[in-house]
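Okay, here's the structure, questions in a sec.
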Amino acid sequence: GQGLPAFGQPPVVRIGLHRTARWRTAAASAQGALEQAAQRLTAAGAVVQDCELGPEFALLYETHGVIMRYEAARAMAWETRQQRELLSAEFAERMDQGMAISHDEYQRALTQAEQCRQRFPGELAGLDVLLTPSATGEAPLGLNTTGDAVFNRNWTLLGVPCIHVPSSLGPQGLPLGVQVVGPRGSDLETLRCAHWIEAALAVRSLSPADRNAFS
């Protein structure tokens, strides 16, 4: 860690390596990027330890979907009913799925999310941040999609700061990265840790040949 920009980071960054309940969804390149980043951060002076969240956090993937579909369908209710012919078949189907979710199911999802928000700080006890996958693989080709957001949904639902940090290149030569997640309300502290992590990984200062060595 000697020589890395200070930016007010703690003397030792304490990182929880969290592979998430959807680890198998990640491509081998994304899994390797996370594991290699953890090794490089340890070598840079961070304390890195495995961290698993309680089983209720694994339920948030579906909880997020319930809340999103329910709210989106009601936000777009007028368009769906009055201008359905102008909507794509896929979009209209998603709105129908959202309308089929009952208010009771929606309320249960909100309660589940709030309970996890309250428990999350305790899950991070003794840690500054979590290090998690940020995407299922390298950036997709083209501009038609930004890829699968499965590794971002839970943190968005929890309302916690999450920061993508580039770490390597994938098999197609497109960016791979990791995600730094902090407790709710710790935006500045999480940014400090992410800045230190970015400097420790030092991807931007590597030559193309060196970057490929990490893919």
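Any value given below was found using the heavy atoms of this structure, including those in side chains, with hydrogens, waters and symmetry copies removed.
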Legend entry - Note: Asp50-Arg19 ion pair, threshold 4.0 Å (strictly below): yes
Legend entry - Chi angles and distances behind the salt bridge (charged side-chain N to carboxylate O under 4.0 Å, His left out) call for Asp187, Arg192: CA-CA 9 Å; Asp187 297 45; Arg192 285 173 176 157; over 6 Å; no
Legend entry - Qualifying residue, where the test is side chain to side chain contact (heavy atoms under 4.5 Å, CB included) with Val180 and the options are Val165, Leu130, Ile15: Val165
Legend entry - Shortest non-hydrogen contact from Ala30 toward Thr136: CB-O, 3.5 Å
Legend entry - Beyond-backbone contact of Arg153 with Asp148, side-chain heavy atoms, under 4.5 angstrom: yes
Inset, instruction - Side-chain contact test, heavy atoms from C-beta onward, threshold under 4.5 Å: evaluate it for Pro161 versus Leu191 and give yes or no. - result: no
Inset, instruction - Could you state whether Tyr70 and Leu59 fall into the same hydrophobic cluster, counting links through intermediate Ile, Leu, Val, Met, Phe, Trp or Tyr residues with side-chain heavy atoms under 4.5 angstrom apart? - result: no
Inset, instruction - Using the rule that two of Ile, Leu, Val, Met, Phe, Trp, Tyr join whenever any of their side-chain heavy atoms come within less than 4.5 Å, decide whether Leu188 and Leu127 are in one cluster. - result: no
Legend entry - Exercise: identify the closest heavy-atom pair between Gly137 and Ser29: CA-OG, 4.5 Å
Legend entry - Carboxylate-amine/guanidinium proximity below 4.0 Å for Arg94 and Glu90: yes
Legend entry - Trp23 and Pro133, any side-chain heavy atoms less than 4.5 Å apart: yes
Inset, instruction - Scan side-chain atoms only and decide if Gln31 and Glu35 contain a donor-acceptor pair under the 3.5 Å cut-off. - result: no
Inset, instruction - Check the surroundings of atom CD in Glu71: do more than 12 heavy atoms from other residues, nucleotides or ligands lie under 6.0 Å from it? - result: yes
Inset, instruction - Heavy atoms only: give me the nearest Cys162-Trp155 pair and the separation to one decimal. - result: SG-CB, 4.0 Å
Inset, instruction - Side-chain contact test, heavy atoms from C-beta onward, threshold under 4.5 Å: evaluate it for Pro166 versus Leu201 and give yes or no. - result: no
Inset, instruction - Establish, yes or no, whether the cationic atom of Arg22 lies under 6.0 Å from the six-membered ring centre of Tyr61 and within 45° of the ring axis. - result: yes
Legend entry - Gln179 and Thr132 side chains, donor-acceptor separation under 3.5 Å: yes
Inset, instruction - With the side chain counted from C-beta on, respond yes when Phe151 and Val178 share a heavy-atom pair under 4.5 Å apart, and no when they do not. - result: no
Legend entry - Minimal non-hydrogen separation, Arg74 against Ile101, with atom names: NH2-O, 3.2 Å
Legend entry - Whether Ser186 side chain and Glu189 backbone form a donor-acceptor pair below 3.5 Å: no
Inset, instruction - Taking all heavy atoms of Asn152 and all of Ser134, pick out the closest pair and write down the distance. - result: ND2-O, 3.1 Å
Legend entry - Pairwise side-chain contact, Thr20 with Phe57, heavy-atom cut-off 4.5 Å (strictly under): no
Inset, instruction - Apply the test salt bridge (charged side-chain N to carboxylate O under 4.0 Å, His left out) to residues Arg108 and Glu105: give CA-CA distance (whole Å), side-chain angles for both, the deciding distance (0.1 Å), then the verdict. - result: CA-CA 5 Å; Arg108 287 194 296 271; Glu105 184 178 359; 5.2 Å; no
Inset, instruction - Can you see which heavy atom on Asp128 is nearest to which on Pro183, and at what distance? - result: O-CD, 3.8 Å
Legend entry - Lys/Arg-Asp/Glu bridge criterion (N-O < 4.0 Å) met for Glu62, Arg69: yes
Legend entry - Validation row: Leu131, Val48 side chains within 4.5 angstrom (heavy atoms): no
Legend entry - Thr190 side chain near Ile163 side chain, heavy-atom distance below 4.5 Å: yes
